[in-house]
Amino acid sequence: MARVPVHRRGPARQVGLQGHRVRVRRDMPVPMPDGVTLLADHYTPVGADRPPTILIRTPYGRSGVVGWMYGWTFARHGFQVLLQSCRGGFGSGGRLDPLVHEQEDGLATVEWMREQSWYGGSLAMHGPSYLGYTQWAIAAETPDLRAMAVQVTASCFRDAAYVGGSFALESTLIWTTLTAHLEGRLGGVAALIAPRRTRRAVLSGRPLHELDLLSAGRPLPFFRELLAHHGESYCSYWDRVDFSASVEQVGAEITMTGGWYDVFLPWQLKDYAALRKAGRQPYLTIGPWYHADIRHGWAANTDALAWFRAHLLGDPSGLRPSPVRLYVTGAGEWRDEPDWPPPGMRRERWHLQPGFALSRDNPAGGEPDRYRYDPAHPTPVIGGPVLIGNSEPRDNRRLEARRDVLVYTSEVLGRDTDMIGPVSAELFVRTSREHTDFVVRVCDVHPDGTSMNVCEGVRRLTPADRCDEDGVRRVEIDLWPMGHRFRRGHRIRVQVASGAYPRIARNPGTGAPLTAGTPLVASDQEILHDSRRPSAVILPVLP
């Protein structure tokens, strides 16, 4: 039975802050066409006559830090803010059904706003992650949407859930566990508890479809839907919640904030590319941040405020001259560019060599390198992008000592080398199983031997990936982009493996879902590196 929200529409109260005084009206009911009522808080700068409105739609509640960062912060600078809880949470009615209702609910909310006496006719949207997705859901169909500020997000979450065709186990289970506890007794500490409970569940060895019972104590419908639709990239389930095709049609001015270690960065940059293709000039900032990093929250708010003042109030004084600003890891400095990828970037092949060397030279041949991947003892992961938790680089030497990880290392670099742009790999492989995964990771090896991960990618192989007459398959892998300086005296390292557990679900080797009784079959992998099959990582070198 659907939960009926209680509307506590109390008197507005005023709060004194630097800048405008702010009037807040809580729990405003916003009716949806199907009879469901969503609740919103309305922040108004006292004395402003129908100023532009910033709409923020969130599944994470409206009070505490959320209300302060988004409500009071922008209202005291002269904007109205409508902070609304998405369907099924924090007093908003209906069933919690992630992704499904965001377009129809968002458009209905905008239509309701247009009927309010306080609405002045111009609108912006703002917010990270799921809050950014709710922006993309309605952006192409909202003509009075003048500006958007999207952070660590994308117009479609499908490819982040199934990275390279694998299943992003840890992030999906963390998020569904988190949302299951947001309104329970754990409340505000749910974000701290969810990663710990998820890690305990994934290390239990239980089948995938039982992990939600261990992490959340009950079945999680959205987690099970993600499992059920794994491998169906173009099925109707994902088509209805994929807004990537409409990005080029968005008329609003857009600024984006991302992080080198964020789970959504590759697809956020695809949205940027789509806008550029359409002749638009979005702004883009990429910092040394991960998804749950509070530092990008403060930076994004500052960026959004300048953006909204420019495009809703006609004050461009806060905008920087260059549309793209990138933090170069390894150098510890910001760099302004006119576009992404930076002009002048060239893609350089660094070949895997016999003797586990890595160089720009054509491979000299030699026997293939071999390892065995056993899903009963999956190759772990150290560091790398995860939804909640610190994803900053970590020392990978312990991982590189494993027998199921191949490691290729360059000579010591004679000069500082900046690599900023997209990263990919081309492997020529022979495997004993048609169903298997390949993981490629780039690391920065310091003079003391520390091997810090920079970026990585995964590709899941199926029988559709054809072999040549020698049983060799050519595998293309997209890695996370990088903006990194490999310093003089450092070395570049490439890891090749077939697992990154628990960030991606282990591949049982059979093509069947990992359920109770599924056999776990080891696979023997070969990586070739000769003149006919030059396995390589392709790195983005700047002059």
Side-chain angles (χ1 to χ4, degrees), residues 12 15 17 19-26 28 30 38-63 65-86 102 105-139 142-151 153 250-257 282-283 297-316 318-319:
V15 181
L17 293 168
H20 285 269
R21 291 178 61 82
V22 178
R23 179 183 295 114
V24 186
R25 188 173 294 278
R26 306 284 186 188
M28 294 180 67
V30 182
L38 308 185
L39 296 189
D41 296 343
H42 185 210
Y43 295 76
T44 308
V46 176
D49 181 22
R50 298 202 307 167
T53 302
I54 301 173
L55 173 62
I56 298 170
R57 305 191 62 250
T58 172
Y60 303 122
R62 307 185 304 280
S63 61
V65 174
V66 174
W68 181 264
M69 282 191 67
Y70 300 131
W72 277 306
T73 295
F74 287 92
R76 72 184 178 91
H77 284 284
F79 296 95
Q80 297 185 80
V81 180
L82 190 72
L83 184 57
Q84 182 186 62
S85 288
C86 294
E102 303 313 339
D105 287 353
L107 292 174
T109 298
V110 172
E111 189 62 35
W112 173 86
M113 287 170 55
R114 293 177 182 136
E115 298 172 354
Q116 307 307 305
S117 61
W118 45 262
Y119 183 61
S122 61
L123 171 67
M125 294 187 75
H126 176 47
S129 194
Y130 198 100
L131 286 67
Y133 174 82
T134 65
Q135 299 181 54
W136 287 120
I138 69 170
T142 307
D144 40 348
L145 180 63
R146 306 289 176 78
M148 296 168 57
V150 295
Q151 305 95 37
T153 192
V250 176
E253 299 293 339
I254 300 172
T255 182
M256 301 177 166
T257 304
Y283 269 41
W298 296 115
N301 256 19
T302 302
D303 175 70
L305 180 60
W307 194 253
F308 296 156
R309 290 190 61 83
H311 297 292
L312 281 83
L313 299 180
D315 174 16
L319 297 183

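Heads up: numbering here begins at 1 and tracks the sequence.
Scored by the side-chain hydrogen bond (donor to acceptor under 3.5 Å, both in side chains) test, S129 finds H291 as partners (sequence neighbours excluded). Residues satisfying the side-chain hydrogen bond (donor to acceptor under 3.5 Å, both in side chains) criterion with Y60, sequence neighbours excluded, are W175. Partners of T109 by side-chain hydrogen bond (donor to acceptor under 3.5 Å, both in side chains), not counting sequence neighbours, listed by chain and number: Q84. With sequence neighbours left out, the side chain to side chain contact (heavy atoms under 4.5 Å, CB included) criterion links L107 to Q103, I138, E141, T142. Partners of W307 under the ring-ring contact (aromatic ring centres under 6.0 Å, His included) rule, at least two apart in sequence or in another chain, are Y283, H311. Partners of T153 by side-chain hydrogen bond (donor to acceptor under 3.5 Å, both in side chains), not counting sequence neighbours: none found. Applying the salt bridge (charged side-chain N to carboxylate O under 4.0 Å, His left out) criterion to R309, with sequence neighbours excluded, gives D315.
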Which pairs would a plain distance check flag for residues 119-126, meaning a side-chain donor or acceptor within less than 3.5 Å of a matching protein atom at least two apart in sequence or in another chain?
{"from": "Y119", "atom 1": "OH", "to": "D144", "atom 2": "OD2", "distance (Å)": "2.9"}
{"from": "H126", "atom 1": "ND1", "to": "Q151", "atom 2": "NE2", "distance (Å)": "3.2"}
{"from": "H126", "atom 1": "NE2", "to": "N301", "atom 2": "OD1", "distance (Å)": "2.8"}

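To the nearest 0.5 Å, the span separating CG on L145 from OG1 on T53 amounts to 11.5 Å. Within the model, atoms CE of M148 and CD of Q135 stand 4.5 Å from one another, a figure rounded to the nearest 0.5 Å. For the atom pair SG of C86 and CG of L38, the computed distance is 8.0 Å after rounding to the nearest 0.5 Å. Taking CZ of R25 as the start and OH of Y43 as the end, the distance is 13.5 Å to the nearest 0.5 Å. Going from atom CD1 of I54 over to atom CG of L305 covers 8.0 Å, rounded to the nearest 0.5 Å.
Every pair passing salt bridge (Lys or Arg N to Asp or Glu O under 4.0 Å) that includes a residue from residues 39-52 is listed here, sequence neighbours excluded: R26-D41, D41-R62.
Side-chain contact between L82 and W112 is present, with at least one heavy-atom pair separated by less than 4.5 Å. Contact annotation: the side chain of L83 never approaches that of F74 to less than 4.5 Å [non-hydrogen atoms, C-beta and beyond]. Residues P45 and Q80 are in side-chain contact: their nearest non-hydrogen atoms beyond the backbone lie under 4.5 Å apart.
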Item to check | Audit row: W118, M113, side chain to side chain contact (heavy atoms under 4.5 Å, CB included) steps and yes/no | outcome: CA-CA 8 Å; W118 45 262; M113 287 170 55; 4.1 Å; yes

Item to check | side chain to side chain contact (heavy atoms under 4.5 Å, CB included) between F79 and L312, worked out | outcome: CA-CA 9 Å; F79 296 95; L312 281 83; 4.2 Å; yes

Item to check | From CA spacing to verdict: side chain to side chain contact (heavy atoms under 4.5 Å, CB included), V81, W72 | outcome: CA-CA 8 Å; V81 180; W72 277 306; over 6 Å; no

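When all heavy atoms of L131 and Y70 are compared, the closest pair comes out as CD2-CE1, 4.0 Å.
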